[in-house]
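Structure record follows, encoded as structure tokens.
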2 protein chains.
Amino acid sequence: MDAIDLALVDLLRGNARLSYAELARQVGLSAPAVHERVGKLESGGVIRAYRAEVEPETIGLGVTALIGIVEDSGADTDDVLEAFRGIPEIESCYFMAGVESFLLKARVGTIAELEQLIVRLNRTPGVASTRTSIALSTKWENRPQAVAPTSS
Amino acid sequence: MDAIDLALVDLLRGNARLSYAELARQVGLSAPAVHERVGKLESGGVIRAYRAEVEPETIGLGVTALIGIVEDSGADTDDVLEAFRGIPEIESCYFMAGVESFLLKARVGTIAELEQLIVRLNRTPGVASTRTSIALSTKWENRPQAVAPTSS
DNA sequence: TACAGTCCGTGGACGCCATCGACCTCGCCC
DNA sequence: GGGCGAGGTCGATGGCGTCCACGGACTGTA
């Protein structure tokens, strides 16, 4: 994990569809060398996936909510987690310090669907209560912060 | 925006580095047709970007925090937003309903850096108070939910 | 019905890219 | 000094991206 690896990671966080040839030009190596480095970053768990980032409204997911979860005393956290994992609307799941054990980011199409989701969460065994905040708008999301020492 | 477009979006959310030829095979069109469709999805604002998803710990960003922001009465929300935009540690920024106008997701390397960030936020003009919760672990993040009617 | 225009696709062509293997160079250890 | 491994370059080849010309389906008009 040297400076070139960091530069590759930055480049791919900015545009995951860059060709190996283009990456090679940017970092000053040959394409096969870049190919090998990126392969190692993938298999070494540094790069988890390549994803297209989509404007949620355009695919019918216009409602974003952040939901705090308080667990029952004596709830099995792993079971709760597994239940959450089975709910596709939950895009992100953080295990938190504080009264609320989890913070979920969920995305649905309508307020009615959000209501159904909240009901479902409250019925989940191990969940004592939920606290939902609606995002009126997303200013930005998952902006990558540069990590390489500024690629010249 | 028909079923084929949705299938393409789903495929690219799952793996942004799929070749046009592979996409074409999956949706049953020719590569040039897919190329054109994806181009329109990009220029039409449906696909915003292609990003490599990185394990944050591996690039020295092991601390994740969610920070609620209460604005001063009379604060200029746009100015506050602009100030936030200039802070690279803030990866996501939601404008919320409720007492806290903003919810920020920030990522830093150490608790000391988080402290500095919180101080900086509290000093930002227009910010009345902040409330920080630390994520002990990220169970998952930005999991794409399928939107196409299950690609066969 | 006939016709023209538009949209959206296909197939072919061509140059670039991904990827493999052979080889080279450097640093390290015995 | 000599062997070895990591990590690079170079060259070849097959597949891919991308441009272009062409063709069928649908629509509105006479």
Side-chain angles (χ1 to χ4, degrees), chain A residues 1-61 142 144 146-152, chain B residues 1-61 142 144 146-152:
Chain A
M1 202 56 189
D2 59 4
I4 292 181
D5 281 340
L6 287 176
L8 289 173
V9 165
D10 268 2
L11 287 166
L12 286 170
R13 288 213 295 172
N15 180 4
R17 279 181 82 80
L18 288 176
S19 67
Y20 290 115
E22 181 58 31
L23 291 170
R25 275 188 286 271
Q26 300 270 345
V27 302
L29 287 183
S30 65
V34 167
H35 188 255
E36 171 145 359
R37 275 174 178 266
V38 172
K40 284 181 181 169
L41 289 171
E42 291 168 0
S43 59
V46 175
I47 294 177
R48 242 187 326 215
Y50 301 98
R51 300 203 182 288
E53 200 182 288
V54 169
E55 195 73 43
E57 290 81 5
T58 63
I59 54 169
L61 295 174
N142 302 121
V147 72
T150 313
S151 48
S152 64
Chain B
M1 200 59 186
D2 59 6
I4 292 183
D5 281 340
L6 287 177
L8 289 172
V9 165
D10 267 3
L11 287 166
L12 286 170
R13 288 213 295 173
N15 181 4
R17 280 182 81 81
L18 287 176
S19 67
Y20 290 115
E22 181 59 30
L23 291 170
R25 276 188 286 270
Q26 300 269 343
V27 302
L29 288 183
S30 65
V34 168
H35 187 254
E36 172 143 2
R37 275 174 178 266
V38 172
K40 283 181 183 168
L41 288 171
E42 292 168 358
S43 58
V46 175
I47 295 177
R48 242 187 327 216
Y50 301 98
R51 300 205 182 286
E53 199 183 289
V54 169
E55 195 73 44
E57 291 81 4
T58 64
I59 54 170
L61 295 174
N142 302 121
V147 74
T150 312
S151 48
S152 65

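Every chain is numbered from 1 and lettered A, B, ... according to where its sequence line falls, protein lines coming before strand lines.
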Under 3.5 Å: donor-acceptor pair, side chain of A:Arg17, backbone of B:Ser19: no

Using a 3.5 Å distance criterion without hydrogens, assess whether the side chain of B:Asp10 forms a donor-acceptor pair with backbone atoms of B:Val147. yes

With side chains defined as the heavy atoms from C-beta onward, is the minimum distance between A:Lys40 and A:Val46 less than 4.5 Å? no

Terminal contacting nucleotides, 5' and 3', DNA chain D versus chain B (heavy atom, 4.0 Å): D:dC16 to D:dC19

Could you report the tightest heavy-atom contact between B:Ile59 and A:Met1, atom names first, then the distance? CG2-CE, 3.8 Å

Using heavy atoms and a sub-4.0 Å distance, could you list which residues of residues 15-34 of chain B are near DNA chain C? By number, please. B:Leu29, B:Ser30, B:Pro32, B:Ala33

How far apart are the closest heavy atoms of B:Gly14 and A:Arg51, and which atoms are they? O-NH1, 3.6 Å

To the nearest 0.5 Å, tell me how far A:Ile4 CD1 sits from A:Leu11 CG. 11.5 Å

Would you jot down, in residue-number order, the residues of residues 35-48 of chain A having a non-hydrogen atom under 4.0 Å from DNA chain D? A:Arg37, A:Lys40

For residues 13-48 of chain A, pull every pair meeting ring pair (Phe, Tyr, Trp, His ring centres under 6.0 Å), keeping only residues two or more places apart or in separate chains. A:Tyr20-A:His35

Contact span of DNA chain C against chain A, any nucleotide atom under 4.0 Å from a heavy atom, 5' to 3', runs C:dC17 to C:dC20

Using modelled atom types only, decide if a donor and an acceptor are shared between the side chain of A:Arg13 and the backbone of B:Ala52 within a distance under 3.5 Å. no

Counting only heavy atoms not in B:Glu36 (residues, nucleotides, ligands), do more than 12 fall under 6.0 Å from its CD? no

All N/O donor-acceptor pairs, side-chain side in residues 24-33 of chain B, below 3.5 Å, sequence neighbours left out:
{"from": "B:Arg25", "atom 1": "NE", "to": "B:Glu22", "atom 2": "OE1", "distance (Å)": "3.2"}
{"from": "B:Arg25", "atom 1": "NH2", "to": "B:Glu22", "atom 2": "OE1", "distance (Å)": "3.1"}
{"from": "B:Gln26", "atom 1": "NE2", "to": "B:Glu22", "atom 2": "OE2", "distance (Å)": "2.9"}

Mind checking whether A:Val54 and B:Leu12 have side chains closer than 4.5 Å, heavy atoms only? no

Hey, what do you get for CG (A:Leu41) to CG (A:Asp5), rounding to the nearest 0.5 Å? 4.5 Å

